[in-house]
**Q** 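Here it is: the structure, laid out below.
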There are 2 protein chains.
Amino acid sequence: MANRAKATIFDIAREAGVSKSTVSLVLQGSGLIRPETTSKVRKAIEDVGYVYNRGAANLRKAHSNVIGMVINDLTNPFFAELAVGMERVFQSAGIVPFIANTAENPVRQEEVLKSLMEQGVAGLIVSPARGTTPGAFRRIETAGVPVVFAMRRLPESRIPVIAPDNHRGAYLAAAHLIGKGHRRLVFFGGSSDLVVYHERLGGFREACETLGIAARDILIVEGETSRKGGIACLETALAMAEPPTAALCFNDAVAFGAMLALRKRGLEPGADFAVVGFDDVVEAEHYMPALTSVAVDSAGLGERAAHVMLKMIQSRTTRAEDHIGAVNLVVRESCGPDRRTRSRPAGSGNAA
Amino acid sequence: MANRAKATIFDIAREAGVSKSTVSLVLQGSGLIRPETTSKVRKAIEDVGYVYNRGAANLRKAHSNVIGMVINDLTNPFFAELAVGMERVFQSAGIVPFIANTAENPVRQEEVLKSLMEQGVAGLIVSPARGTTPGAFRRIETAGVPVVFAMRRLPESRIPVIAPDNHRGAYLAAAHLIGKGHRRLVFFGGSSDLVVYHERLGGFREACETLGIAARDILIVEGETSRKGGIACLETALAMAEPPTAALCFNDAVAFGAMLALRKRGLEPGADFAVVGFDDVVEAEHYMPALTSVAVDSAGLGERAAHVMLKMIQSRTTRAEDHIGAVNLVVRESCGPDRRTRSRPAGSGNAA
DNA sequence: TTGATTTATTGGAACGTTCCATTTATAGGC
DNA sequence: GCCTATAAATGGAACGTTCCAATAAATCAA
């Protein structure tokens, strides 16, 4: 089976006793070919161990069938979920998405994007790396390749975005905390080079302000968006002269870190200090205590992004509407009982 | 910048006032071109918004620079780590790996593999989906494309494998449990269609047998390799007439599930029932209690796999040696204190 | 039978590169 | 100044497909 040099449609043609054009037609599933001829060709294809050369085909064909998916952090299950959601819809459209990881590195992202473009992708779904420069996608835009951003956006870009309603999610979470009786709140993690950060922080601020929290009781501690960052944030917060009693965290990883740090200090997350996460990754439910978090349905957003992309490709446009996905607060145990029913007000249980 | 139709080297040539061949040479970084000419061409490339067509190039060139990475479950951080490790070494070799997810589905895997082959990959690193048929890679082998398996292997395949020493890892873990005084042990999760399962179970068995555990005290509960599966396994085990006191779990997800189920029953993982995981994913360290687990260094194995692949491509071979990665048991808190020092022997603390 | 129509099949040009064999320009030796 | 050696640039064929226009074969109406 199969000699050294790779087989082409000419080899198939010879084997089946037809012309290369006929083979090409069969390959494309054209109905013009007589059934017996078709099966003769099919057999020859098997016999010579043929593998279709999509590169050659794309030289003539208008459109390729590959879509690139550029993700900033594959090890974050949140983004992996996003990828999985996209794959679901592409699969049913007969498209194979290729995933590439940028590890939150703009330089790497540049390489990855370049490579994907050279490969002739039909479209790109991107969760841009932190620190992506504004012009990073100009080349791609002028090439007319459709791009959609997922989860994250760039400051002043015209590229359509599929993302959760970060502002509202943060608002809901903060409102929940305030409803529980907390009066001095902190926002943990993230940094201002991320648009998402501003959205979430904005929601947090708005809730605090409209629900009567004094400006001096609205705290912010920036930090890495990881467990480690969460630990650091908590240490910083508890070292304050007047520590907060509740934290809304930039994402679940930060929340896990904060809970861990709490435990290390002998404090019980929920009872002694309230923690809310963001994203609602699968582990949130299984943590001890289970983490209250803002669910964003990343797989659903992935599906949405894929649909938008499909439509853009089909209608040969590079424009599309943004889509802001609904969020909802999943209340679990990390915020403890209602504080207003307790005798001692905020600040209790803060023994180091 | 850039008119509608995509620019080719001819457009660059016209713009720069040279021939297409010169442009091609510049593109390939040939030193034969005069520096001033080179920069003239470089400028033209910018001006026309050129994007290199790798498909066309591969028609002539012997080798492509893309490597496919086929992963069975991207949402499992363990596999995501593997991917990240590979990327590290490919990046420094100027290669962009494309990742595709099979979601543990052999049919999907078939499609993904086909698509990657059509794209003209130079090599394939695969963590095969469960239930992959023996012949699934024959086509690829006869096409002469190098393949290496990572983490998992197929029953009778000749394809090189990069995997952790599952047998030894399980042996170490079981020995640890026995050393702690446990005398009735169970293996949780997995199923016999996976070679890895047999390896890990084999190590568990060998440790039990050589360290004097009676055959009737060596229990096995198959199950899904997920949190859910772990929960089910634990329920099954505790429902036995004579329940075990310690479990070695197929992987960390199963272990997390088991610990969860323990908690739900009011039992304390570690003190009341010992649990050991496998893979040592990042969360293992952060769990409550921290999970004792067999560390396999998946990122390191990913790097190794990538190196092997690079060498295979370079030496134009499709053969390579297997590589069995070292493992080590990371002892944390999920196995509790030494049981031999306690008054009551195995079986205590098992109130439902 | 003839011409028109439909159904199957085919040759050739094109797609955007690379690479080889040439050609042209530049420099060096005498 | 001429010949040779070297450096720089070039034209053309090839890579494996698709698609159009053209041909060949089969069917049908008269």
Side-chain angles (χ1 to χ4, degrees), chain A residues 2-42 44-45 48-66 114-115 117-121 143, chain B residues 2-42 44-45 48-66 115 117-122 143:
Chain A
N3 28 13
R4 272 321 76 204
K6 43 190 71 182
T8 75
I9 51 172
F10 284 93
D11 299 307
I12 300 172
R14 188 167 1 88
E15 185 82 6
V18 298
S19 80
K20 63 162 186 21
S21 302
T22 304
V23 176
S24 175
L25 258 5
V26 170
L27 247 19
Q28 295 172 82
S30 160
L32 293 180
I33 306 295
R34 213 157 27 123
E36 350 168 10
T37 308
T38 298
S39 56
K40 208 167 48 180
V41 171
R42 286 257 152 72
I45 289 177
V48 303
Y50 172 74
V51 1
Y52 184 74
N53 184 332
R54 202 168 286 278
N58 285 343
L59 226 39
R60 291 281 325 194
K61 287 221 282 232
H63 253 358
S64 88
N65 79 145
V66 359
K114 178 153 171 271
S115 181
M117 286 298 288
E118 293 180 355
Q119 223 57 235
V121 294
Chain B
N3 29 14
R4 272 319 77 199
K6 43 191 69 183
T8 74
I9 51 172
F10 285 93
D11 300 305
I12 299 171
R14 189 168 358 89
E15 185 82 7
V18 298
S19 81
K20 63 165 187 18
S21 302
T22 304
V23 176
S24 176
L25 257 6
V26 170
L27 248 18
Q28 295 171 81
S30 160
L32 292 179
I33 307 296
R34 214 157 26 125
E36 352 169 8
T37 308
T38 298
S39 57
K40 206 167 50 180
V41 171
R42 285 258 152 71
I45 289 177
V48 302
Y50 172 74
V51 2
Y52 184 73
N53 185 332
R54 203 167 284 278
N58 285 343
L59 226 37
R60 291 280 324 192
K61 285 221 284 232
H63 255 358
S64 88
N65 79 145
V66 0
S115 181
M117 286 298 289
E118 292 180 357
Q119 222 58 233
V121 293

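A quick note: this is a predicted structure, and the numbers were derived from the prediction, not measured. Chain letters run A, B, ... following the sequence lines, proteins first, then strands; residues in each count from 1.
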**Q** Is the closest side-chain heavy-atom distance between Val66(B) and Gln119(A) below 4.5 Å?
**A** yes
**Q** Using whole Å, report how far CG of Leu27(B) lies from P of dA9(D).
**A** 15 Å
**Q** Please state how far atom CG in Leu32(A) lies from atom P in dA22(D), giving the value in whole angstrom units.
**A** 18 Å
**Q** For DNA chain C, which nucleotides open and close the run of contacts to chain A, 5' to 3', at under 4.0 angstrom from a non-hydrogen atom?
**A** dA8(C) to dG16(C)
**Q** Within the structure shown, what part of the strands sits under 4.0 Å from Ile33(A) by heavy-atom distance: base, sugar-phosphate, or nothing?
**A** sugar-phosphate
**Q** Once you round to the nearest 0.5 Å, how far does CD1 of Ile33(B) lie from CD of Gln28(B)?
**A** 10.0 Å
**Q** NA contact type, Phe10(A), heavy-atom cut-off 4.0 Å: base, sugar-phosphate, or nothing?
**A** base
**Q** Verify, without hydrogens or angle tests, whether Ser30(B) (side chain) and Val26(B) (backbone) share a donor-acceptor contact under 3.5 angstrom.
**A** no
**Q** For DNA chain D, find the residues of residues 14-25 of chain A with a heavy-atom distance under 4.0 Å and give them by number; none if there aren't any.
**A** Lys20(A), Ser21(A), Ser24(A)
**Q** Which pairs pass side chain to side chain donor-acceptor pair (under 3.5 Å) with one or both residues in residues 49-58 of chain A, sequence neighbours excluded?
**A** Arg54(A)-Glu118(B)
**Q** Quick check on DNA chain D: between Thr38(B) and Thr8(A), whose nearest nucleotide comes earlier from the 5' end?
**A** Thr38(B)
**Q** Counting C-beta onward and ignoring hydrogens, is there a side-chain heavy-atom pair between Val18(B) and Lys40(B) closer than 4.5 Å?
**A** yes
**Q** How many angstroms lie between OG in Ser19(A) and CD1 in Ile9(A), if you round to the nearest 0.5 Å?
**A** 8.5 Å
**Q** Would you compute the distance between atom CZ of Arg14(B) and atom OG1 of Thr8(B) and round it to the nearest 0.5 angstrom?
**A** 7.5 Å
**Q** In terms of the nearest nucleotide of DNA chain D, which residue is placed more toward the 5' end: Leu59(B) or Thr37(B)?
**A** Thr37(B)
**Q** Is a side-chain donor or acceptor of Glu15(A) paired with a backbone partner of Asp11(A) at a separation under 3.5 angstrom?
**A** no
